[in-house]
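Accompanying notes for the structure given below.
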Amino acid sequence: MLNIIPWDAVFILINLIVLYIIMRKVFVKPIKNIIEERQSIIESGLKNAAVSEKNAKALEKEWQEKLSNASAESESMIETAKKTAKVEYDKLVAEANTEAARILKDARRSIEDERNSTMQGIRSQVASLAVDTARKVLESSDLSDINDSLYEKFLTESGDGNESDGK
(Lines give C-alpha, C1' and ligand atoms only; values in the text may rest on other atoms or scores of the structure.)
Protein backbone atom coordinates (compact mmCIF):
# COMPACT_ATOMS: atom_id res chain seq x y z
CA MET A 1 0.00 0.00 0.00
CA LEU A 2 1.06 3.38 0.37
CA ASN A 3 4.24 4.06 2.16
CA ILE A 4 4.70 7.57 3.37
CA ILE A 5 8.18 8.56 4.25
CA PRO A 6 8.18 11.32 6.80
CA TRP A 7 11.24 13.05 5.32
CA ASP A 8 9.67 13.11 1.91
CA ALA A 9 6.57 14.72 3.36
CA VAL A 10 8.74 17.35 5.09
CA PHE A 11 10.64 18.07 1.83
CA ILE A 12 7.39 18.29 -0.08
CA LEU A 13 6.06 20.69 2.54
CA ILE A 14 9.28 22.78 2.39
CA ASN A 15 9.11 22.78 -1.42
CA LEU A 16 5.51 23.95 -1.28
CA ILE A 17 6.38 26.77 1.15
CA VAL A 18 9.36 27.87 -0.98
CA LEU A 19 7.25 27.66 -4.11
CA TYR A 20 4.52 29.69 -2.37
CA ILE A 21 7.04 32.40 -1.33
CA ILE A 22 8.59 32.54 -4.81
CA MET A 23 5.16 32.70 -6.44
CA ARG A 24 4.09 35.38 -4.02
CA LYS A 25 7.16 37.50 -4.76
CA VAL A 26 7.13 36.97 -8.52
CA PHE A 27 3.42 37.01 -9.33
CA VAL A 28 1.24 38.21 -6.47
CA LYS A 29 3.18 41.27 -5.27
CA PRO A 30 3.65 42.87 -8.72
CA ILE A 31 0.03 42.16 -9.61
CA LYS A 32 -1.11 43.61 -6.28
CA ASN A 33 1.07 46.71 -6.87
CA ILE A 34 -0.38 47.14 -10.37
CA ILE A 35 -3.91 46.80 -8.98
CA GLU A 36 -3.21 49.36 -6.22
CA GLU A 37 -1.61 51.72 -8.72
CA ARG A 38 -4.58 51.45 -11.06
CA GLN A 39 -6.97 51.90 -8.16
CA SER A 40 -5.16 55.11 -7.09
CA ILE A 41 -5.25 56.36 -10.71
CA ILE A 42 -8.99 55.63 -10.88
CA GLU A 43 -9.61 57.33 -7.52
CA SER A 44 -7.64 60.43 -8.55
CA GLY A 45 -9.52 60.44 -11.89
CA LEU A 46 -12.83 60.26 -10.04
CA LYS A 47 -11.74 63.11 -7.75
CA ASN A 48 -10.68 65.17 -10.78
CA ALA A 49 -13.96 64.35 -12.52
CA ALA A 50 -15.92 65.45 -9.44
CA VAL A 51 -13.95 68.71 -9.27
CA SER A 52 -14.38 69.25 -13.02
CA GLU A 53 -18.10 68.56 -12.75
CA LYS A 54 -18.38 71.02 -9.86
CA ASN A 55 -16.48 73.65 -11.87
CA ALA A 56 -18.62 72.96 -14.93
CA LYS A 57 -21.79 73.41 -12.91
CA ALA A 58 -20.45 76.66 -11.45
CA LEU A 59 -19.55 77.87 -14.96
CA GLU A 60 -22.95 76.83 -16.28
CA LYS A 61 -24.65 78.74 -13.47
CA GLU A 62 -22.47 81.78 -14.12
CA TRP A 63 -23.26 81.67 -17.86
CA GLN A 64 -26.95 81.29 -17.14
CA GLU A 65 -26.80 84.39 -14.94
CA LYS A 66 -24.86 86.29 -17.59
CA LEU A 67 -27.34 85.17 -20.23
CA SER A 68 -30.31 86.28 -18.17
CA ASN A 69 -28.54 89.58 -17.42
CA ALA A 70 -27.80 90.02 -21.12
CA SER A 71 -31.45 89.33 -21.95
CA ALA A 72 -32.61 91.85 -19.37
CA GLU A 73 -30.04 94.36 -20.57
CA SER A 74 -31.03 93.89 -24.21
CA GLU A 75 -34.70 94.35 -23.31
CA SER A 76 -33.75 97.50 -21.41
CA MET A 77 -31.77 98.76 -24.40
CA ILE A 78 -34.70 98.03 -26.71
CA GLU A 79 -37.10 99.88 -24.43
CA THR A 80 -34.71 102.84 -24.24
CA ALA A 81 -34.35 102.86 -28.02
CA LYS A 82 -38.15 102.72 -28.41
CA LYS A 83 -38.60 105.63 -26.01
CA THR A 84 -35.91 107.65 -27.76
CA ALA A 85 -37.45 106.89 -31.15
CA LYS A 86 -40.90 107.89 -29.84
CA VAL A 87 -39.55 111.19 -28.50
CA GLU A 88 -37.76 111.85 -31.80
CA TYR A 89 -40.89 110.92 -33.75
CA ASP A 90 -43.07 113.21 -31.64
CA LYS A 91 -40.52 116.01 -32.04
CA LEU A 92 -40.43 115.59 -35.83
CA VAL A 93 -44.23 115.44 -36.04
CA ALA A 94 -44.52 118.58 -33.91
CA GLU A 95 -41.97 120.38 -36.10
CA ALA A 96 -43.79 119.25 -39.25
CA ASN A 97 -47.14 120.39 -37.85
CA THR A 98 -45.65 123.75 -36.88
CA GLU A 99 -44.10 124.14 -40.33
CA ALA A 100 -47.36 123.11 -42.01
CA ALA A 101 -49.31 125.62 -39.91
CA ARG A 102 -46.81 128.34 -40.78
CA ILE A 103 -46.97 127.52 -44.49
CA LEU A 104 -50.79 127.46 -44.34
CA LYS A 105 -50.84 130.80 -42.52
CA ASP A 106 -48.44 132.31 -45.07
CA ALA A 107 -50.55 130.93 -47.93
CA ARG A 108 -53.74 132.34 -46.42
CA ARG A 109 -52.06 135.71 -45.90
CA SER A 110 -50.76 135.62 -49.48
CA ILE A 111 -54.22 134.71 -50.81
CA GLU A 112 -55.79 137.50 -48.73
CA ASP A 113 -53.21 140.00 -49.99
CA GLU A 114 -53.82 138.85 -53.57
CA ARG A 115 -57.58 139.12 -53.06
CA ASN A 116 -57.25 142.61 -51.58
CA SER A 117 -54.97 143.64 -54.42
CA THR A 118 -57.38 142.25 -57.00
CA MET A 119 -60.33 143.92 -55.29
CA GLN A 120 -58.42 147.21 -55.21
CA GLY A 121 -57.70 146.83 -58.95
CA ILE A 122 -61.35 146.06 -59.69
CA ARG A 123 -62.49 149.04 -57.60
CA SER A 124 -60.03 151.22 -59.41
CA GLN A 125 -61.28 149.99 -62.80
CA VAL A 126 -64.91 150.40 -61.77
CA ALA A 127 -64.22 153.90 -60.50
CA SER A 128 -62.36 154.76 -63.69
CA LEU A 129 -65.18 153.31 -65.76
CA ALA A 130 -67.75 155.24 -63.74
CA VAL A 131 -65.81 158.48 -64.19
CA ASP A 132 -65.45 157.83 -67.93
CA THR A 133 -69.13 157.06 -68.18
CA ALA A 134 -70.11 160.14 -66.23
CA ARG A 135 -67.86 162.30 -68.38
CA LYS A 136 -69.34 160.89 -71.57
CA VAL A 137 -72.88 161.41 -70.27
CA LEU A 138 -72.17 164.97 -69.43
CA GLU A 139 -70.53 165.59 -72.76
CA SER A 140 -73.26 164.15 -74.84
CA SER A 141 -76.72 165.57 -75.31
CA ASP A 142 -78.74 162.51 -76.18
CA LEU A 143 -79.07 160.87 -72.81
CA SER A 144 -81.22 157.89 -73.69
CA ASP A 145 -78.90 156.70 -76.47
CA ILE A 146 -75.95 157.38 -74.28
CA ASN A 147 -77.48 155.49 -71.36
CA ASP A 148 -78.10 152.45 -73.54
CA SER A 149 -74.66 152.54 -75.09
CA LEU A 150 -72.99 153.14 -71.73
CA TYR A 151 -74.99 150.37 -70.18
CA GLU A 152 -73.92 147.92 -72.92
CA LYS A 153 -70.34 149.13 -72.75
CA PHE A 154 -70.36 148.64 -69.00
CA LEU A 155 -71.79 145.13 -69.38
CA THR A 156 -69.24 144.14 -72.00
CA GLU A 157 -66.30 145.53 -70.04
CA SER A 158 -67.43 144.09 -66.76
CA GLY A 159 -68.45 140.85 -68.50
CA ASP A 160 -64.90 140.43 -69.90
CA GLY A 161 -63.47 140.82 -66.42
CA ASN A 162 -65.86 138.18 -64.96
CA GLU A 163 -65.21 135.72 -67.75
CA SER A 164 -61.44 135.93 -67.33
CA ASP A 165 -61.79 135.50 -63.53
CA GLY A 166 -64.11 132.54 -64.01
CA LYS A 167 -61.74 130.76 -66.34
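Hydrophobic clustering (side-chain heavy atoms under 4.5 Å, transitive across Ile, Leu, Val, Met, Phe, Trp, Tyr) groups Val10 together with Leu19. Placement of Ile21 and Leu13 within a single hydrophobic cluster is found when ILVMFWY residues are connected by side-chain heavy-atom separations under 4.5 Å, directly or transitively.
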TODO: Given salt bridge (charged side-chain N to carboxylate O under 4.0 Å, His left out), test Glu43 with Lys47 step by step and report yes or no.
DONE: CA-CA 6 Å; Glu43 286 175 0; Lys47 286 179 185 177; 5.7 Å; no
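Using a cutoff of 4.0 Å between basic side-chain nitrogens and carboxylate oxygens, Lys57 and Glu53 are scored as salt-bridged. Salt bridge Glu112/Arg115: present, at least one basic N to carboxylate O contact under 4.0 Å. Salt bridge annotation for Lys83-Glu79: absent, with no cationic side-chain nitrogen under 4.0 angstrom from a carboxylate oxygen.
Distance CG/Leu67 to OG/Ser74: 9.0 Å, rounded to 0.5 Å. Taken to the nearest 0.5 Å, the CG atom of Leu104 stands 8.5 Å off from the CD1 atom of Ile111. Taking NZ from Lys153 and CG from Asp132, the interatomic distance works out to 6.5 Å, rounded to the nearest 0.5 Å. Atom-to-atom distance recorded for Leu129:CG and Ile122:CD1 is 12.5 Å, nearest 0.5 angstrom. To the nearest 0.5 Å, the span separating CG on Asn69 from CD on Gln64 amounts to 11.0 Å. Rounding to the nearest 0.5 angstrom, the gap separating the OG1 atom in Thr80 from the CD atom in Glu75 is 11.5 Å.
The side-chain hydrogen bond (donor to acceptor under 3.5 Å, both in side chains) analysis of residues 88-104, with sequence neighbours excluded, yields the pairs Lys86-Asp90, Glu99-Arg102, Arg102-Asp106. Counting only residues at least two apart or on different chains, no salt bridge (charged side-chain N to carboxylate O under 4.0 Å, His left out) pair has a member in residues 33-42.
Under the salt bridge (charged side-chain N to carboxylate O under 4.0 Å, His left out) criterion, Arg108 pairs with no residue, sequence neighbours left out.
Here the side chain of Thr156 pairs a donor or acceptor atom with the backbone of Glu152 at under 3.5 angstrom. In this structure, Ser124 contributes its side chain and Gln120 its backbone to no donor-acceptor pair below 3.5 Å.
Taking both residues in full, the closest heavy atoms of Lys29 and Lys25 are given as CB-O, 4.1 Å, listed atom of the first, atom of the second, then distance.
A 4.5 Å side-chain heavy-atom check between Ser117 and Asp113 finds every atom pair outside the cut-off.
Results of the side-chain contact (heavy atoms from CB on, under 4.5 Å) test with Ile14 over Val18, Leu16, Ile17 single out Val18 as the only residue that passes.
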